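Chain A is the first sequence line, chain B the second, and so forth, proteins listed ahead of strands; every chain is numbered from 1. Just so you know, these numbers come straight off a predicted model, no measurement behind them.
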2 protein chains.
Amino acid sequence: MPPETINRCPLKTREEEIMDKALEMMTAQGVAGLTIDKLVANVPYSKGTIYNHFTCKEDILTGLCNRSVQNLYDLFCHAASFNGSSREKILAIGYAYMLYSLLHPTEFMLVISAKTPSIFEKASDKRREQHLALEHKLLDSILHVISEGLTEGDFKLQNHLSPAQVAFALWSMCFGTILLLHESLDRCSVRTEMKLERELINHANLMLDGLNWQPYTQAHDWNETIKQYKTDLFPNEIRQLKQLQTT
Amino acid sequence: MPPETINRCPLKTREEEIMDKALEMMTAQGVAGLTIDKLVANVPYSKGTIYNHFTCKEDILTGLCNRSVQNLYDLFCHAASFNGSSREKILAIGYAYMLYSLLHPTEFMLVISAKTPSIFEKASDKRREQHLALEHKLLDSILHVISEGLTEGDFKLQNHLSPAQVAFALWSMCFGTILLLHESLDRCSVRTEMKLERELINHANLMLDGLNWQPYTQAHDWNETIKQYKTDLFPNEIRQLKQLQTT
DNA sequence: CGTTATTTTGACGAATCGTCACTTATAAAA
DNA sequence: TTTTATAAGTGACGATTCGTCAAAATAACG
């Protein structure tokens, strides 16, 4: 018999260990900098062992992506706990999304690349299913705030929009904005004049106004709300971010 | 002396020929299916000649991406020529963006991958500059419709938003929506219940309502406008799309 | 200790990228 | 026409990289 009880736990740790090192290498040398051979050299296991945990390189990437979505989910839940109106909560989720993309650029980019057929198709079924489940969870956390807004009467569904459609509208809008303005991407021509935080808030407010989600942009001091995000809701993340920017 | 006048023209043709074949291979076998060796085998030129036109594989991808942005620009201009209100024109641009992504999925995905540092950094300076210039042109075509809407009094700039910010808001929103709902991406968990055309129009209308861009969603028959897009503005594209879907 | 089941290992084959020394083609000069 | 200079084309080659697999190491059990 093989080592059962003894190895079950270390096995999980080892998987994390491999992913940690892979992420470290990618952060240092870009996605293309991750090489199985180099990874083997930086990890106390051999190539065969790595291929025992992951079916291929793309499987490692998808695994990292999943871990990332889980972390993002946790941050979304924290954002939804903001002590304020439902509109402030939904905006906080968008803000959390942005913070995450800035704090963990490599992982954020990974979430996109992992959606690419060339990567996703090669990943193992196990990690693929995991990914879909996690994504669902993420959307649910947004849906939760939406139903809160509905029950509190802060906005009404119009034009035959379902809550899921509203959630998706907000999500895709944040996603597009962050993606196009992300530092990790080589500056688009627009990038020069645009500041991510400002534009994200603008876009979100435009869409929330379009939804007639109270209070309107004009009827509230949103700068004050954002200040609260920074000081009360995400003080740790803001501090980390400042640290990151000075180095 | 080398062949000057005689070769200058064929050189350009040859470059197109190589890119055409590369695109064909990628459409058939995915982005990973494109291999220099395979490309050499499918083209009447040798590897050395290819490397004479392109510095590396990534340079070919960026070249294809640029060609794609140019085509998209042409489509945007056509959309902006729609015979209707400024809001109808701006919505037509979003619709054109979607049509393009459906008609040329490989090229659409390329526009994203080409923004990835691992690709963009390796491309030649020449193609990088070209890319930025093309992207600027693309944004300008949107800006043009925005200033039209402003001069016609269909909406007003509010909250200190500049025309460029409005253009960017609309662009990034369309981009995010199309990207997340694109067939080329493996279905997100949301994908199942969402239809690209419907959601794109929804999102655009939400944002345009937020901008107070007249006429409001409720005050106009947008289904009729979309029907006009299909029959009057993009009859060829719609036909091609139907052909594509039946095969 | 010996046997059996499992994990770990790294050398290997296959595929791919990009280079470079050499060949071919073309046009000006003799 | 022949020669020569220069550009363009070629494909064999070295260098990487991926993923496999037979053999070695390890652990449990009799």
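A centroid separation of 6.0 Å or more is found between the aromatic rings of Phe108(B) and His104(B).
In summary, the side chains of Asn236(A) and Gln240(A) do not present any donor paired with an acceptor at a separation below 3.5 Å, with no hydrogens or angles considered. A donor atom on one side chain and an acceptor atom on the other are not found under 3.5 Å apart for Ser124(B) and Thr55(B).
Proximity note for Asp37(A) (side chain, C-beta onward) versus dT17(D), dG10(C), dC17(C): the nearest is dT17(D). The side chain of Lys38(B) lies closest to dT16(C), out of dG19(D), dT16(C), dC17(C). For Tyr45(B), whose side chain is taken as the heavy atoms from C-beta onward, the closest listed nucleotide among dT10(D), dT8(C), dG19(D) is dT10(D). Minimum atom distance to the side chain of Tyr51(A) is reached by dT20(D), of the listed dT20(D), dG18(C), dT8(C).
At whole-Å resolution of the value, CD1 in Ile50(B) and C1' in dT16(C) are 14 Å apart. Separating the CG atom of Leu39(B) from the P atom of dC17(C) is a distance of 10 Å, rounded to the nearest angstrom. Between the CD1 atom of Ile36(A) and the P atom of dA15(C) there is a distance of 19 Å, rounded to whole Å. In this structure, Asn52(A) atom CG and dA24(D) atom C1' are separated by 15 Å, rounded to whole Å.
Scanning residues 57-66 of chain A for heavy-atom distances under 4.0 Å to DNA chain C yields an empty list.
Taking side-chain N and O atoms only, Thr35(A) has a distance below 4.0 Å to OP1 or OP2 of dT17(D). Taking 4.0 angstrom as the limit, Thr49(A) places a side-chain polar atom (N or O) nearer than this to OP1 or OP2 of dT9(C). Proximity of Arg14(A) to the phosphate of dT8(C): a side-chain N or O atom is located under 4.0 Å from OP1 or OP2.
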For DNA chain C, the dot-bracket pattern of Watson-Crick and G-U pairs whose distances stay under 3.5 Å, | for other-strand partners: ||||||||||||||||||||||||||||||
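The two residues Ala79(B) and Phe234(B) have their closest heavy-atom pair at CB-CZ, 3.8 Å. The two atoms that bring Leu196(A) and Leu102(A) nearest to each other are CD2-CD2, 4.0 Å, heavy atoms only. Thr62(A) approaches Ile119(A) most closely through the heavy-atom pair OG1-CG2, 4.1 Å.
Between Gly48(A) and Leu34(A), the residue anchored nearer the 5' end of DNA chain D, judged by the nucleotide with its closest heavy atom, is Leu34(A).
For the side chain to side chain donor-acceptor pair (under 3.5 Å) with Asp59(A), the qualifying choice from Arg127(A), Arg128(A), His53(A) is Arg127(A), the only one to do so. Just one of Leu143(B), Ile146(B), Ile142(B), Ile90(B) meets the side chain to side chain contact (heavy atoms under 4.5 Å, CB included) condition when paired with Val166(B); it is Ile146(B).
For dG18(C), its base sits under 3.5 Å from the side chain of Lys47(B) at one donor and acceptor pair at least.
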Working for salt bridge (charged side-chain N to carboxylate O under 4.0 Å, His left out), residues Lys21(B) and Glu24(B): CA-CA 5 Å; Lys21(B) 190 47 99 174; Glu24(B) 189 188 313; 3.3 Å; yes
